[in-house]
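Throughout, protein chains are lettered first and strands after them, A, B, ... in sequence-line order, and every chain is numbered starting at 1.
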Protein chains: 4
Amino acid sequence: MKEKILVTCIQLFEHKGFSETSIQDIVDSLAVTKGTFYYYFKSKEEVLMVIHRMYIDTLLEQQNKLLEDGALTNKDRLRGLVEMLVTNITPLGKSARVFHRELRHLSEDHMKEARAKRDQVRVAIEKVIVAGMENGEFRPDVKADIVTLGILGACNWSYQWFKPEGKYSDLEVSEVFIDMVCQGITPK
Amino acid sequence: MKEKILVTCIQLFEHKGFSETSIQDIVDSLAVTKGTFYYYFKSKEEVLMVIHRMYIDTLLEQQNKLLEDGALTNKDRLRGLVEMLVTNITPLGKSARVFHRELRHLSEDHMKEARAKRDQVRVAIEKVIVAGMENGEFRPDVKADIVTLGILGACNWSYQWFKPEGKYSDLEVSEVFIDMVCQGITPK
Amino acid sequence: MKEKILVTCIQLFEHKGFSETSIQDIVDSLAVTKGTFYYYFKSKEEVLMVIHRMYIDTLLEQQNKLLEDGALTNKDRLRGLVEMLVTNITPLGKSARVFHRELRHLSEDHMKEARAKRDQVRVAIEKVIVAGMENGEFRPDVKADIVTLGILGACNWSYQWFKPEGKYSDLEVSEVFIDMVCQGITPK
Amino acid sequence: MKEKILVTCIQLFEHKGFSETSIQDIVDSLAVTKGTFYYYFKSKEEVLMVIHRMYIDTLLEQQNKLLEDGALTNKDRLRGLVEMLVTNITPLGKSARVFHRELRHLSEDHMKEARAKRDQVRVAIEKVIVAGMENGEFRPDVKADIVTLGILGACNWSYQWFKPEGKYSDLEVSEVFIDMVCQGITPK
DNA sequence: TATGAATGAGTCTTCATTCAT
DNA sequence: GATGAATGAAGACTCATTCAT
């Protein structure tokens, strides 16, 4: 039941937004009563928090695997991180959209937690880039911090326009992003 | 007064979000009464619409100047567009954040209008890239549509983290973005 | 202008009802501003009162002519009163509907006045019937007071269904009413 | 509770009118909170609709009994219908007044429904008269449609003046109406 | 586990009215 | 005569949340 509530909430929050989704909407979708909702969660915000946590923890897990794999080059790692961020398979895609859009509706504490975790992704990208700069995979003169934010922006923004049934798959999109970021768009 | 209401609304919508800003909040900030608000605007949504329109129209105007200037190379134009998007001079920065975050709270009609205009920016970037591909300024094998969305993402996302008083100026940020996109981050 | 406001108000009150008609509606219909309205009338209720007064005074005037005409039989007089009530010539028809429907929105004092005048019509009918009973024109055993209220009901109700462009004219309707009331519908 | 809300609303709508009765008035009368009202009804209009439906359905039921009773003459039936309409036994009397006065505040759909049902009463009276004309109970030359509207008017109007504690009972009033309509007020 | 009645603060919005100009 | 900016009380309705059962 807790699971079912979560899934329903992800759908609704993604579709209508957190503020615009009422408890009534949620319990109607599930054909249960309000009491049931409050038996499992103590507030609407708690549901949001759980969604955030599930999403970001999944991400961080993936990320750690990538970072710890000693066999990979830094470019491979960067590719892996970009793919991870762009990947849009349900239900992670919906969670991702909720994550990026509804961060502000978390309570003070939960927001700090979410931000801190979100930052780990940024830091990971930045570290990979810096490591690549040091071992010659990347140009030594790039501004790693800003480039990182640029890459993050490109990836996170994809949740705003990406359509799974569209012209390109999520993998193709990440490939293009990686190519753009690594080779640039001007001819050599 | 209409002007004052708008400015206040931009502040509040940016700070607390559209849904979370009540008419009461707005009129309290201005030390007027609700009646006054509704004398100038017929709904909260109308204010949002005006903010959107002001922002996007300003953008499109700048954009048109860039596109019509025959003396520029396509790379110059791209740089111009990126600079235009990243530029965060007050009060456009707040408007920009409101624009990107609260699009969904517009009414059906206004949303269509806003989306159509927003799309003009995307189309402009894409056209510049395609033109550059044709005249050899850019590689002939890039996927212009996705690259465009990547660039847009990097730029639009900057409203989430850019601080005018921070380490880099908005011009520096756009320079890094342009460099990243054009040269790539790998050495030649 | 005062005249124009009145005419417009009759239209609007008749169409939407008094409570549902806002000052804004009124001034919009006239393409003037609220200030103008309040220059001529000191409240919405005052307009309603004037409409009531105009209608009922017109009625009472007609009624008095009928009653004072010594040449008429009581049956003639009754016919005259019924015709007077049913008559739906514009703009009296709309005023009549407003009169009957919106009485309750008058202020205490105005309501008393309106009720008193309205009562004069009832009393007049009753007197004509009693006079007819005394001189043999009407049956001596009718309950004049209730019959009066029945006749009034039939007439006043006609404003709810009568359509000038309908199958019968207002004169035909009153003829039928008079016939029904005088002869009854059973055969002799 | 739903029952209690309905009873209270009938009182208030009858006394002050629908538009003039606020939700606050209603819940204050019941010593509950607004939330409670909206737990049972989803709008003020819904309450009005229920009141209309209860009243008119009760009426139509009574009416059908009358029409189906083969032992009655048409005059009996007409008497029955008039009695039914004039009868003012609590709480139907208040409902009746609300019904006739507040019809216009129903939503489009509910209004159509109410009007259709209200029309059934008119049609029933007309049919009884026509049937009486055919079997010789009533004069063959009466205009059944207008006479019907006259009778309806007399009856419906009674809700405006009838007082249960007054000089005449509701049964006496209907008797006078029937006598007036059938015999007429002129001597044979 | 789950219900459903009840709460009460809060939402956006409308409105009749006033008044300085 | 007429304007239009401003008021503030009141309107209908929503909502997250609680709690006895």
Side-chain angles (χ1 to χ4, degrees), chain A residues 1-2 4-5 18-28 30-48 105, chain B residues 1-2 4-5 18-28 30-48 105, chain C residues 1-2 4-5 18-28 30-48 105, chain D residues 1-2 4-5 18-28 30-48 105:
Chain A
M1 174 56 50
K2 193 159 184 168
K4 275 168 68 184
I5 295 177
F18 177 78
S19 292
E20 286 67 33
T21 301
S22 68
I23 303 288
Q24 200 55 249
D25 292 334
I26 297 168
V27 298
D28 284 354
L30 286 160
V32 295
T33 56
K34 282 183 187 167
T36 304
F37 177 88
Y38 280 97
Y39 179 76
Y40 289 102
F41 293 95
K42 67 176 196 295
S43 72
K44 205 170 74 163
E45 195 263 345
E46 198 200 341
V47 180
L48 185 61
H105 295 112
Chain B
M1 174 56 49
K2 194 161 184 169
K4 274 167 68 183
I5 294 177
F18 177 78
S19 292
E20 286 67 34
T21 302
S22 70
I23 304 290
Q24 200 55 251
D25 292 336
I26 297 168
V27 299
D28 284 355
L30 286 159
V32 296
T33 57
K34 281 183 193 170
T36 303
F37 176 88
Y38 281 98
Y39 180 76
Y40 290 100
F41 294 93
K42 67 178 192 300
S43 70
K44 206 170 75 165
E45 195 265 344
E46 199 199 342
V47 180
L48 185 60
H105 295 111
Chain C
M1 173 56 51
K2 194 159 183 170
K4 275 168 68 183
I5 295 177
F18 177 77
S19 291
E20 287 67 33
T21 302
S22 69
I23 304 287
Q24 199 56 248
D25 292 335
I26 297 167
V27 299
D28 284 355
L30 286 160
V32 296
T33 56
K34 281 183 188 170
T36 305
F37 177 89
Y38 281 96
Y39 181 76
Y40 289 102
F41 294 94
K42 69 177 195 296
S43 72
K44 205 170 75 164
E45 195 264 345
E46 198 200 340
V47 180
L48 185 61
H105 295 112
Chain D
M1 174 57 47
K2 195 160 182 169
K4 275 168 67 183
I5 295 178
F18 177 79
S19 292
E20 286 67 32
T21 302
S22 69
I23 303 291
Q24 201 54 250
D25 292 335
I26 296 168
V27 299
D28 284 354
L30 286 160
V32 295
T33 57
K34 279 184 195 169
T36 302
F37 176 88
Y38 282 99
Y39 180 75
Y40 290 100
F41 294 95
K42 66 179 195 299
S43 71
K44 206 170 73 164
E45 196 263 345
E46 198 199 342
V47 179
L48 186 60
H105 295 111

message = Rounded to whole Å, how long is the line connecting atom CZ of Phe41(D) with atom P of dA12(F)?
response = 15 Å

request  = Check the distance between dG11(F)'s P and His105(D)'s NE2 and give it to me in whole angstrom.
outcome  = 15 Å

remark   = note: Leu30(D), atom CG; dA6(E), atom P; distance rounded to Å ~ 11 Å

note = Nearest heavy-atom approach of Phe41(B) to Lys2(B) is CZ-CG, 3.6 Å

message = Under the rule for ring-ring contact (aromatic ring centres under 6.0 Å, His included), what residues qualify as partners of Tyr38(B), not counting sequence neighbours?
response = none

query = Taking the side chain of Val32(A) as its heavy atoms from C-beta onward, which of dT3(E), dA2(F), dT7(F) lies nearest to it?
reply = dT3(E)

key: Pairwise side-chain contact, Phe37(C) with Leu30(C), heavy-atom cut-off 4.5 Å (strictly under)   = no

Residues which pass side chain to side chain donor-acceptor pair (under 3.5 Å) with Glu46(C), listed by chain and number, not counting sequence neighbours = none

key: Those residues that, when tested against Thr33(C), pass side-chain contact (heavy atoms from CB on, under 4.5 Å) (two or more places apart)   = Thr36(C)

message = Strictly under 4.0 angstrom, non-hydrogen atoms only: write out the protein contact profile of nucleotides 13-21 of chain E, one letter per nucleotide from the 5' end, B, S or -.
response = BBSBBB---

message = Quick check on dA6(E): is either OP1 or OP2 less than 4.0 Å from any side-chain nitrogen or oxygen of Thr36(D)?
response = no

message = Please enumerate all residues that pass side chain to side chain donor-acceptor pair (under 3.5 Å) together with Ser22(C), with sequence neighbours excluded.
response = Asp25(C)

remark   = Any stem touching DNA chain E, meaning at least three consecutive Watson-Crick or G-U pairs under 3.5 Å, ordered by first number, would be E:2-21 with F:2-21

ask   = Are any non-hydrogen side-chain atoms of Met1(B) and Val32(B) less than 4.5 angstrom apart?
value = yes

Rounded distance (Å) that lies between atom P of dT1(E) and atom CD1 of Ile5(A) = 12 Å

inquiry  = Less than 4.5 Å apart, side chain to side chain, heavy atoms only: is that true for His105(A) and Glu20(B)?
reply    = yes

key: Heavy-atom closest contact (Lys44(C) atom, Phe18(C) atom, distance)   = NZ-O, 3.0 Å

message = Please report the distance, rounded to the nearest Å, between OH in Tyr40(D) and P in dC13(F).
response = 18 Å

query = Has Thr33(D) got a side-chain N or O lying under 4.0 Å from the OP1 or OP2 atom of dG8(E)?
reply = no

